[in-house]
Amino acid sequence: MHLHRLEKIWLSIGIGMLAIFLIVLGTMAFTMGMAPPSMDHHTIDPTKVNQTAPFDKPGITQTGNKQYEAVIVAYAFGYEPQKLEVPAGSTVDFMVTTSDVVHGFSIVGTNVNMMIEPGEISHISHTFDEPGEYLIICNEYCGTGHEYMKTTIVVK
Ligand code: CUA
């Protein structure tokens with residue numbers, strides 16, 4: 001097989017770039033210990049959500065001064081608990097999982113927006129400075145009742 005000189009040059013550039021990328025990737029992974037985020041990666045058995053703590057008792061609990069933890073289970077088609085309430089200025093640590101299929105967890109008017117997957121625990125924190133009623137909706141299509149899937153958090 002005869003290769004034109006220019007083809008040889010381009011081939012060497014291509015192979016050279018591939019080698020550089022692999023070296024960079026290898027150095028980052030093995031020498032610098034870089035890996036995808038896994039610190040908050042908690043999993044549970046998706047078939048035993050209602051028997052696994054803390055999801056066996058969904059609800060909101062105070063964990064400190066103006067600090068709350070909300071344990072929420074998403075399901076087709078709703079969220080447990082149905083209503084959440086905190087005083088204005090509170091920071092809420094949300095801990096959400098699902099007992100069936102992929103759902104969304106989006107708080108309208110905030111930048112809280114998570115995908116909820118069976119067997120995975122999703123975490124996010126948000127400080128509610130303004131009193132009001134915040135709508136929480138599902139933004140992942142999950143079945144015929146998807147558009148009815150919602151709950152609220154009341155900030156007093
Ligand atoms: Cu749950 Cu869409």
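Atoms considered below: every heavy atom in the structure, side chains included; atoms not considered: hydrogens, waters and symmetry mates. Every number for a ligand or one of its atoms is a count from 1 in the order of the listing. Being a predicted model, the structure only gives us computed values, none of them experimental.
Proximity of a side-chain donor or acceptor of T97 to a complementary backbone N or O of E120 within less than 3.5 Å is detected. In this structure a side-chain-to-backbone donor-acceptor pair under 3.5 Å is missing from Y68 to F94.
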### Message
Walk me through whether F105 and H103 qualify under ring-ring contact (aromatic ring centres under 6.0 Å, His included).
### Response
CA-CA 7 Å; F105 184 85; H103 294 286; over 10 Å; no
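Seen from atom 2 (Cu) of ligand 1, atom ND1 of H146 and atom SG of C142 lie 120° apart in angle, a value rounded to 10°.
Here the N, O or S atom of E140 that is nearest to atom 2 (Cu) of ligand 1 is O.
F55 and I116 sit in two unconnected hydrophobic clusters of ILVMFWY residues. Membership requires side-chain heavy atoms under 4.5 Å apart, directly or through other members.
For H103, every N, O or S atom stays at 2.8 Å or more from atom 2 (Cu) of ligand 1. In summary, Y141 places no N/O/S atom under 2.8 Å from atom 1 (Cu) of ligand 1, failing the contact criterion. Residue contact annotation: E147 places no N/O/S atom under 2.8 Å from atom 2 (Cu) of ligand 1.
Dense packing is recorded around CD of Q51, with more than 12 heavy atoms of other residues, nucleotides or ligands lying under 6.0 Å away.
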